[in-house]
Every structure is written in C-alpha cells, then in structure tokens.
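Notes follow the structure.
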Amino acid sequence: MFILIVGCGRVGSAVAKQALDNGHEVSVLDSDPLSHERLDKDQTTTWEDVGGRFTVGTALEIDALIEAGIDQAEVFMAATKGDNTNLVIAQIAQRRFK
C-alpha cells in the first residue's frame, strides 16, 4: 500500500517509520528540509535507503503533492502542526485526487 504523509513532526515521522517497517511504501512531504532528520533518527541507514521517499514542499501547492506521489496514494494523512491546514490539505486530497 502506498501512503502519503504530509508533515514530518513527531506524529508524522512516527507513523511513517511504523508504516515502512510494516512493509508499506511511504512518502513524506514537509516544508522543512531539516525535518528529514526525524526519519533517519535511530536508523542504521537513511530513510531513502530503506525505501522511503521524502519531498520538500508546501502541501497547499498541488505541484508539491504530485511530486510527493498523491496521485498514487492509497492512504493520505495530514499531520502538520496546524489543524486548519490539515483540514484544507485533506479536502484537497479528497476532492482533487479522490
């Protein structure tokens, strides 16, 4: 299953790591390039080396969502620090990309 997670904070990175460990394809989108460090923490290899994807971009921009793989996603999770942002991103994902 292909999972796209927007937001690589504590929640987003934890869910991403768990999903990848369970054999899913996981792509993470975050506007902060340094948030990638959460995905590599406590790992012997990098996030990408174990099959994860990471995209730097703003989830309110369609191009960033497409680059992160939203058109392939079977599961979408909005886990940014802003509730209103999460609602808008989830509506974009549902209405534009089903």
Side-chain angles (χ1 to χ4, degrees):
M1 179 177 303
F2 185 83
I3 302 169
L4 173 58
I5 299 171
V6 175
C8 193
R10 287 184 311 225
V11 173
S13 63
V15 172
K17 287 175 157 184
Q18 187 67 40
L20 194 65
D21 287 346
N22 287 329
H24 300 290
E25 288 183 73
V26 182
S27 178
V28 178
L29 172 65
D30 197 285
S31 59
D32 180 6
L34 296 179
S35 67
H36 183 279
E37 294 173 1
R38 288 186 183 97
L39 298 170
D40 290 338
K41 186 179 177 189
D42 301 326
Q43 302 291 331
T44 57
T45 60
T46 68
W47 172 252
E48 286 80 7
D49 287 343
V50 293
R53 288 172 53 181
F54 184 81
T55 305
V56 176
T58 303
L60 293 171
E61 297 176 1
I62 300 298
D63 290 340
L65 289 167
I66 291 171
E67 184 179 344
I70 195 166
D71 51 344
Q72 307 160 15
E74 298 167 83
V75 174
F76 176 83
M77 178 179 158
T80 71
K81 61 185 173 185
D83 291 340
N84 290 335
T85 302
N86 289 336
L87 287 170
V88 171
I89 296 166
Q91 287 178 338
I92 292 169
Q94 182 183 37
R95 293 181 181 165
R96 173 103 190 240
F97 298 99
K98 307 287 184 227

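To the nearest 0.5 Å, atom CD of residue Glu61 and atom CD1 of residue Ile89 are 11.0 Å apart. Put simply, CD on Glu37 and CD on Gln43 are 13.5 Å apart, with the number rounded to the nearest 0.5 Å.
The backbone N or O of Trp47 lies less than 3.5 Å from a partner atom in the side chain of Asp40, making a donor-acceptor pair. Of the possible polar contacts, one joining the Asp30 side chain to the Cys8 backbone as a donor-acceptor pair under 3.5 Å is found. Between the Thr80 side chain and the Thr85 main chain, no donor and acceptor come within less than 3.5 Å of each other.
When all heavy atoms are compared, the tightest approach of Lys17 to Lys41 is NZ-O, 2.8 Å. Nearest heavy-atom pair, Ile3 versus Ala19, reported as atom, atom and distance to 0.1 Å: CD1-CB, 3.8 Å.
No path of Ile, Leu, Val, Met, Phe, Trp and Tyr side chains, each step under 4.5 Å between heavy atoms, connects Ile5 with Ile62, placing them in separate hydrophobic clusters.
For Asn22, the side chain to side chain contact (heavy atoms under 4.5 Å, CB included) partners at least two apart in sequence or on another chain are Gln18, His24. Applying the side chain to side chain donor-acceptor pair (under 3.5 Å) test to Asp49 and every residue at least two apart in sequence or in another chain returns Thr46.
The environment of Glu74 atom CD is dense: over 12 non-hydrogen atoms of other residues, nucleotides or ligands sit within 6.0 angstrom. Annotation for Asp21: atom CG counts as buried by contact number, over 12 foreign heavy atoms lying within 6.0 Å.
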